[in-house]
Amino acid sequence: MPGYWLCKSEPDVYSIDDLRRDKVTGWEGVRNYQARNFMRDGMQPGDRVLVYHSNAEPTGVAGIAEVAGAAKADPTQFDPKSEYHDPKSTREAPRWMMRELRFVERFARVVTLEELKACKALGAMAALQKGNRLSVTPVTKAEFDAVVRMAK
DNA sequence: GCCAACGTTGGC
DNA sequence: GCCAACGTTGGC
């Protein structure tokens, strides 16, 4: 049985349209330990991912991706030119991990944050809790299905 | 641009 | 180990 997740991205940086074009992308740049642990330890190939657009107009869930492979070291942590460079990380013991995500679906319309908040079935969804800033959060099957239903 | 909320860092 | 200072996220 697959797991379910929500991953945030600023569409100015990387959007569901970019993922549709690329088909598969390395989900780089996660620099929070809890989010990293979800990516590294929680995600399994085949898990479904709600792709969420933050700092956008509108903000909300824009489509679906799936986890495409094993956790790997995020290469940007070793790149001095990258804004995600981490001089304290080593190749022997990489601090930050990433996953490849494969495009599955772009919703015909964004399910907006306002709609998500108004949906009773999503009252406990981690990404919607007050103060939550994690870019990767777990989602239940019921929550995932509810969001997909709202997109139709 | 503001600001609430939270995470990280580093001095002690 | 505490906690103040600072940085980041992300909605508005």
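Only heavy atoms go into these numbers, but all of them, side chains included; no hydrogens, no water, no symmetry mates. Lettering follows sequence order; numbering is per chain, from 1.
- Counting heavy atoms from C-beta on, the side chains of Ser54(A) and Thr59(A) never come closer than 4.5 Å.
- Side-chain N/O atoms of Asp79(A) and Thr76(A) include no donor and acceptor closer than 3.5 Å.
- The existence of a salt bridge linking Asp17(A) and Arg21(A) is excluded, since no basic side-chain nitrogen approaches an acidic carboxylate oxygen closer than 4.0 Å.
- Counting only heavy atoms from C-beta outward, the side chains of Arg95(A) and Tyr33(A) approach each other to under 4.5 Å.
- Side-chain atoms of Pro75(A) and Met98(A), non-hydrogen and from C-beta on, do get closer than 4.5 Å to each other.
- The 5' end of DNA chain B is approached more closely, in terms of each residue's nearest nucleotide, by Asn132(A) than by the other of Lys88(A) and Asn132(A).
- Side-chain atoms of Arg48(A) never come within 3.5 Å of backbone atoms of Trp5(A) as a donor-acceptor pair (strictly under, hydrogens ignored).
- DNA chain B is contacted by Asn32(A), Tyr33(A) of residues 26-37 of chain A, taking any non-hydrogen atom closer than 4.0 Å.
- Under the side-chain contact (heavy atoms from CB on, under 4.5 Å) criterion, Lys130(A) pairs with no residue at all, not counting sequence neighbours.
- Listed by residue number, the members of residues 5-16 of chain A with any heavy atom below 4.0 angstrom from DNA chain B form an empty set.
- Within residues 116-127 of chain A, no residue places a heavy atom under 4.0 Å from DNA chain B.
- Using a 4.0 Å cutoff to heavy atoms of chain A, the contacted part of DNA chain B runs 5' to 3' from dA5(B) to dG10(B).
- In this structure, Val147(A) belongs to a hydrophobic cluster whose other members, linked by side-chain heavy atoms under 4.5 Å apart, are Tyr4(A), Leu6(A), Leu50(A), Tyr52(A), Val61(A), Ile64(A), Val104(A), Phe107(A), Val111(A), Leu113(A), Leu116(A), Leu122(A), Met125(A), Leu128(A), Val139(A), Phe144(A), Val148(A), Met150(A).
- Using the six-membered ring where Trp is involved, Tyr14(A) and Trp27(A) have ring planes that are perpendicular, over 60° apart on the 30 and 60° scheme.
- Counting heavy atoms from C-beta outward, Val30(A) and Tyr84(A) have side chains that stay 4.5 Å or more apart.
- In this structure, Arg99(A) contributes its side chain and Arg40(A) its backbone to a donor-acceptor pair below 3.5 Å.
- In this structure, the separation between CG on Asp86(A) and CZ on Phe78(A) is 9.0 Å, given to the nearest 0.5 Å.
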